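To start, the structure under review is shown below, and the notes come after it.
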Amino acid sequence: MRRLGKGRAAIAATLAVAGAMFVAPAAEAAVVTQTPLVGYQPNNTVRDMIVVGNTAYIGGSFTALTPAGGGAAVTRNHVAAINMTTGALLPWNPNVNGTVYNILPAGNNVYLGGSFTTVGGATHKNIAEVNNTTGALITAFANNSKPNKAVRAMVIAGGNLYIGGAFTRPRNYMAELNATTNTYISTWQPVVDAEVRALATDTSQTRIVEGGFQQCPTGSGCDGRIGIGAVNTTDGAFVP
């Protein structure tokens, strides 16, 4: 899996995976040869993009994509998949009713995190799991944890799913979930006091590195760090 940079709608140019453009030098400005870009352009912001195999999955605020050379817009609510060889829009369509900020691959599925309440018409609060080929909702990953605000980051470590975001339930800004059932695991209790926007793990998967605008209180074990810190995967205690 490769993760590409995040950005606004201008990132749509990245989706022109199978095309190229050539413009003659200034001395030959009278002759311009152009090959139309092959790809689809979203109608609003792309917040995250990952590549799995030959497929680029994108998530964001968009609700439709239009062929680069013009043509009818195709509805894709907040997530879509692009063939990396042809630039074609794939039929994958989970149909999310709000912004998707983060996409995380897991085997034959992908997790979606964001600010939404339904996926494929089914109630799911800000986090869901869907099949990476059909887009079908994975019902075993039920609407259990119910983060009350946006999920902006996700990472898997030790078989469990760790999430970060703006939420304050089921706990403040970071939480550990059962990766199969979406059940909140209450024994992991890291201390941060503002939104978490990025998560990663190390090769041992024994600690979670978090980034964002958070500041943990002095005396909590992290000595008032701002912006980035690390906690263990056992109970969430800060790693010196």
Side-chain angles (χ1 to χ4, degrees), residues 6 42 44-50 57-63 75-81 92-132 134-200 208 210-214 231 233 236:
K6 302 176 184 179
N44 209 323
T45 306
V46 170
R47 301 284 184 176
D48 197 19
M49 176 162 32
I50 63 168
Y57 297 90
I58 63 173
S61 305
F62 56 86
T63 57
T75 299
R76 286 291 185 274
N77 289 318
H78 308 288
V79 284
W92 189 76
N93 184 21
N95 189 26
V96 182
N97 77 333
T99 300
V100 171
Y101 291 107
N102 194 232
I103 305 173
L104 177 68
N108 293 324
N109 302 325
V110 294
Y111 294 101
L112 307 175
S115 181
F116 52 81
T117 57
T118 66
V119 177
T123 299
H124 263 266
K125 185 74 170 175
N126 298 329
I127 187 169
E129 183 180 11
V130 300
N131 183 275
N132 66 8
T134 67
L137 189 67
I138 304 302
T139 56
F141 192 80
N143 184 41
N144 289 332
S145 63
K146 298 176 183 168
N148 64 327
K149 292 183 181 179
V151 172
R152 290 185 174 268
M154 298 179 288
V155 68
I156 293 177
N160 287 333
L161 178 64
Y162 295 83
I163 64 173
F167 53 84
T168 54
R169 291 192 307 270
R171 66 178 323 280
N172 293 337
Y173 311 119
M174 291 199 295
E176 180 183 11
L177 309 177
N178 182 295
T180 301
T181 65
N182 193 20
T183 301
Y184 167 55
I185 299 172
S186 62
T187 52
W188 194 67
Q189 299 184 348
V191 178
V192 292
D193 64 5
E195 184 173 355
V196 171
R197 296 198 172 207
L199 293 175
I208 302 297
E210 74 275 5
F213 300 101
Q214 77 277 13
V231 298
T233 54

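Predicted model, so just to flag it, every value in this text is computed and none were measured. For this chain, numbers begin at 1 and follow the sequence in order.
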Side chain to side chain contact (heavy atoms under 4.5 Å, CB included) assessment of N93 paired with R76 | CA-CA 6 Å; N93 184 21; R76 286 291 185 274; 3.7 Å; yes
Solution key, residues 120-129 side-chain donor-acceptor pairs under 3.5 Å, sequence neighbours excluded:
residue	atom	partner	partner atom	Å
H124	ND1	I127	O	3.2
N126	OD1	F116	N	2.8
N126	ND2	P147	O	2.8
N126	ND2	K149	O	3.0
E129	OE2	N109	ND2	3.1

How close do [X] and [Y] get, counting heavy atoms only, and between which atoms?
| X | Y | value |
| --- | --- | --- |
| T233 | A157 | CG2-CB, 4.4 Å |
| W92 | T134 | CD1-C, 3.8 Å |
| S115 | A150 | CB-CB, 4.1 Å |
| V231 | P190 | CG1-CB, 4.1 Å |
| V100 | R47 | O-CB, 3.4 Å |
| H78 | V96 | CD2-O, 2.7 Å |

Is there a side-chain contact between [X] and [Y], using heavy atoms and a 4.5 Å cut-off?
| X | Y | answer |
| --- | --- | --- |
| W188 | I208 | yes |
| N97 | T117 | yes |
| V110 | V130 | yes |
| I156 | L104 | yes |
| R171 | S186 | no |

Side chain to side chain contact (heavy atoms under 4.5 Å, CB included) between Y57 and V79: does it pass, once the steps are laid out?
-> CA-CA 7 Å; Y57 297 90; V79 284; over 6 Å; no
Has R152 got its NZ or CZ under 6.0 Å from the middle of the six-membered ring of Y101, at an angle within 45 degrees of the ring axis?
->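 Because its charged atom sits under 6.0 Å from the ring centre and within 45° of the axis, R152 does stack over Y101.
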In sequence, state the C-alpha distance, the side-chain angles, and the governing distance for Y162 and E210, and then conclude on side chain to side chain contact (heavy atoms under 4.5 Å, CB included).
-> CA-CA 10 Å; Y162 295 83; E210 74 275 5; over 6 Å; no
Who passes side chain to side chain contact (heavy atoms under 4.5 Å, CB included) against A200, sequence neighbours left out?
-> none
Test side chain to side chain contact (heavy atoms under 4.5 Å, CB included) applied to T183 - qualifying residues, sequence neighbours left out =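 T183 satisfies side chain to side chain contact (heavy atoms under 4.5 Å, CB included) with N144, N178, T181 only.
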Check the pair Y111 / I163 against side chain to side chain contact (heavy atoms under 4.5 Å, CB included), numbers first and verdict last.
-> CA-CA 11 Å; Y111 294 101; I163 64 173; over 6 Å; no
Residue pair T63 / N44, side-chain donor-acceptor N/O under 3.5 Å =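 No, no side-chain donor-acceptor pair sits under 3.5 Å.
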With side-chain hydrogen bond (donor to acceptor under 3.5 Å, both in side chains) as the test, would you mind laying out the steps for N77 and N95 before giving the verdict?
-> CA-CA 5 Å; N77 289 318; N95 189 26; 2.8 Å; yes
Euclidean distance, D48 CG relative to I103 CD1, rounded to 0.5 Å =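 That separation rounds to 5.5 Å.
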Just how far is it from atom CG of N131 to atom CG of L137, taken to the nearest 0.5 Å?
-> 10.5 Å
Using modelled atom types only, decide if a donor and an acceptor are shared between the side chain of N102 and the backbone of M154 within a distance under 3.5 Å.
-> yes
